[in-house]
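The residues of the chain are indexed from 1 along the displayed sequence.
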Amino acid sequence: MRQRPRHDLLAGLTVAVVALPLALGFGVASGLGAQAGLATAVVAGALAALFGGSRLQVTGPTGAMTVVLVPIVAAHGPSGVLTVGLIAGFLLLVFAVARVGRHMRYLPAPVVEGFTLGIAAVIGLQQIPNALGVAAHDGGHVLAVAWTAARQFALAPNWAALAVAAAVAVAMLVGARWRPTVPFSILAVIAATVAVHLLRVDSAAVIGSLPAGLPAPSFAFFDASALSALLPAAVAVAALAALESLLSAAVADGLTIGQRHDPDRELVGQGLANLVAPLFGGVPATGAIARTAVNVRAGAHSRLAALTHAAVLMAVVYAAAPLVARIPVAALAGVLLATAIRMVELNSLRAMARATRADATVLVLTAVATVVFDLVYAVILGLVVAGTLALRSVARQAGLDQVDLGADLAETAHDEEHALLAEHIVAYRIDGPLFFAAAHRALLELPDIAQVSALILRMSRVTTIDATGALVLKDVIERLEHRGVAVYLSGIRDGHHQPLEALDVITRLTEEGRVFATTPEAIDAARLLLHRDGTLSTTLDARITP
């Protein structure tokens with residue numbers, strides 16, 4: 001226990017070294033500048049560490065959030081982004097009160113994988129202009145911006161910027177395989193900065209001057225008249241912040257033994273972080289999966305590590321702003337390009353694609369939608385497609401099987417008697433769910449049954465019934481009775497009576513004595529009916545298990 005504070009302090013320092021270039025890069029990529037990225041990492045990182053539901057979570061600007069913020073900056077400017085962050089923070093607190101966090105665990109894995117793959121692609125595309133050293137066109141789709149940047153580079157190549165970005169990205173990717181514990185991102189950025197200034201490479205643009213310290217908290221950016229226009233964007237930001245933060249917290253749980261985050265408290269921490277960060281000029285923040293993983297692997301045990309990370313970045317803001325200002329923008333682009341590549345887990349993607357066709361379809365559609373549309377639409381599309389395919393799979397489990405009464409009666413009845421029974425009484429067993437996606441298919445055969453006087457429906461293997469299933473069953477019963485077939489129900493499970501009674505499916509049948517707990521009772525009732533009508537001349541003693 002005595003060593004834990006030291007471990008947390010060292011882990012926090014390690015995370016800060018990894019987080020510094022990412023905070024700068026995502027700040028620049030968002031359109032609000034490097035200072036906004038640092039302010040976010042410091043303010044949001046400290047508040048989420050104090051009030052969040054995970055002791056190991058590290059919060060700050062992320063690539064996924066940057067993807068959402070770029071079009072907001074283009075449409076509404078920096079003040080619009082700050083207002084969106086403020087509203088999103090409030091919405092996250094609402095999510096926490098509504099206990100939305102616990103439901104995030106049900107997000108299908110192919111949606112998460114496709115979402116991550118799409119984010120990686122968008123982050124990489126966003127960095128093309130900076131990596132090539134050309135001016136990025138504000139607004140426009142990320143694919144169009146990347147294509148325009150490539151055309152500009154072809155007309156007037158900036159080889160210095162490309163070399164810096166490529167060198168940093170390669171150093172990070174190769175270094176991560178060679179020495180995973182070494183923070184090659186910051187080393188590569190330092191080396192690139194030194195090289196650019198020693199060689200006097202003027203074509204490699206730098207971050208530029210930064211104020212030494214955080215700005216004073218201000219509410220001047222808020223414009224109440226713009227709330228209605230910014231609300232949809234704020235909902236998207238809040239949804240993304242909740243999703244990514246809870247996924248990151250779940251990753252932290254998976255990397256440790258005995259650590260379990262509180263999802264609703266985590267939303268409280270993220271809500272407070274996003275409420276306060278805009279006051280200091282910070283962009284919306286989320287839990288950062290990569291930085292959280294570094295924190296855990298560096299030996300963090302408590303919230304002290306994430307707080308140390310924020311404190312170290314605060315020291316950088318106040319003491320090293322002139323040095324940070326000299327970092328080439330292309331070097332940060334290289335950091336983000338390497339980050340995007342490392343986000344793609346090829347083994348996981350291959351496994352998911354090989355699992356089932358449905359999983360592969362959901363993964364691909366979510367990834368493509370992330371690139372072509374936006375993250376929230378992509379997740380919604382992925383959920384809709386995954387839900388549809390799951391319903392189809394469940395619906396296929398529903399079936400209708402005829403019960404061979406003759407075989408069951410052979411030991412106790414004469415051949416002519418069970419032949420007569422088989423001719424006038426049939427029994428069908430409904431298997432699986434009787435709901436909107438399967439009811440018509442499951443009961444399709446029943447209305448066409450011919451030369452039958454009584455039909456017994458065995459309901460003991462029905463797993464669920466919804467309103468549609470109950471109404472289809474009611475329609476089938478009415479059509480059979482219109483043809484003179486008496487319908488009996490047996491084995492209705494507990495909990496299934498409510499929809500059947502509410503929609504008047506079994507009310508009349510119950511009053512007429514045609515609903516039974518077991519199939520033998522239904523068989524007896526059918527025999528009595530047919531005997532009374534003169535169809536049977538003998539009472540059989542056969543029994544069938546329900």
Side-chain angles (χ1 to χ4, degrees), residues 11-30 34 36-69 85 88 92 104 112 115-116 119-120 122-123 172 176 183 185-186 237 240-256 261 263 266-267 269-274 277 282-298 300 303 305-313 332 335-336 338-345 375:
L13 177 61
T14 303
V15 175
V17 170
V18 173
L20 176 59
L22 293 175
L24 295 170
F26 288 134
V28 172
S30 69
L38 284 173
T40 305
V42 172
V43 177
L47 288 172
L50 284 172
F51 300 103
S54 171
R55 289 185 289 173
L56 304 177
Q57 178 94 284
V58 178
T59 295
T62 63
M65 188 60 73
T66 301
V67 172
V68 175
L69 298 181
L92 285 168
M104 289 290 183
V112 176
F115 172 79
T116 304
I119 289 173
V122 173
I123 292 173
M172 286 182 61
S185 58
I186 191 67
V237 167
L240 178 59
L243 173 63
E244 189 171 11
S245 298
L246 293 175
L247 285 176
S248 178
V251 168
D253 290 347
L255 294 173
T256 59
H261 72 283
E266 181 61 29
L267 292 182
Q270 296 297 329
L272 293 174
N274 282 284
V283 298
T286 76
I289 295 176
R291 276 157 276 177
T292 299
V294 170
N295 191 40
V296 175
R297 289 170 180 152
R303 301 175 189 273
L307 286 170
T308 301
H309 139 271
V312 170
L313 293 180
L332 297 181
V335 171
L336 298 188
T339 300
I341 293 172
R342 292 174 63 181
M343 287 175 66
V344 180
E345 296 285 347
L375 304 186

For side chain to side chain contact (heavy atoms under 4.5 Å, CB included), just list the numbers for Leu20 and Leu38, CA-CA rounded to whole Å, side-chain angles, deciding distance to a tenth of an Å, and then say yes or no. CA-CA 8 Å; Leu20 176 59; Leu38 284 173; 3.6 Å; yes
Do Leu50 and Arg303 pass the side chain to side chain contact (heavy atoms under 4.5 Å, CB included) test, and can you show the C-alpha distance, the side-chain angles, and the key distance before you say yes or no? CA-CA 7 Å; Leu50 284 172; Arg303 301 175 189 273; 5.9 Å; no
Checking Leu267 against Leu246 for the side chain to side chain contact (heavy atoms under 4.5 Å, CB included) test, could you report, in this order, the C-alpha distance in whole Å, the side-chain angles of both residues, the deciding distance, and whether it holds? CA-CA 8 Å; Leu267 292 182; Leu246 293 175; 4.2 Å; yes
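One finds the CE atom of Met65 at 4.5 Å from the CG atom of Leu240 (value rounded to the nearest 0.5 Å). Remark: Leu13 CG to His309 NE2 distance equals 11.0 Å, nearest 0.5 Å. To the nearest 0.5 Å, atoms OG1 (Thr292) and NE2 (His261) are separated by 11.5 Å.
In this structure, Val28 and Leu24 have side chains that are not in contact, with every pair of non-hydrogen atoms separated by 4.5 Å or more. Side chains of Met172 and Ile341 form no contact here, defined as non-hydrogen atoms less than 4.5 Å apart.
Here the closest heavy-atom approach between residue Leu69 and residue Ser30 is recorded as CD1-CB, 4.2 Å. Shortest non-hydrogen contact noted between Pro284 and Asn274 is CA-OD1, 3.1 Å. Contact record, Gly45 with Ala310: C-CB, 4.3 Å, taken as the closest heavy-atom pair. The nearest pair of heavy atoms linking Thr59 to Ala48 is OG1-CB, 3.3 Å. Nearest heavy atom pair, residue Leu92 against residue Ala241, reads CD1-CB, 3.9 Å. The two residues Val237 and Ala88 come nearest to each other via the heavy atoms CG1-CB, 3.7 Å.
A donor-acceptor pair shorter than 3.5 Å cannot be found between the side chains of Ser245 and Gln57.
A donor-acceptor contact shorter than 3.5 Å links the side chain of Asn295 to the backbone of Leu56. The backbone N or O of Glu244 lies less than 3.5 Å from no partner atom in the side chain of Ser248, so there is not a single donor-acceptor pair. Looking at Thr40, its side chain does come within 3.5 Å of a backbone N or O of Val283 through a donor-acceptor pair. Side-chain atoms of Glu266 come within 3.5 Å of backbone N or O of Ser54 as a donor-acceptor pair.
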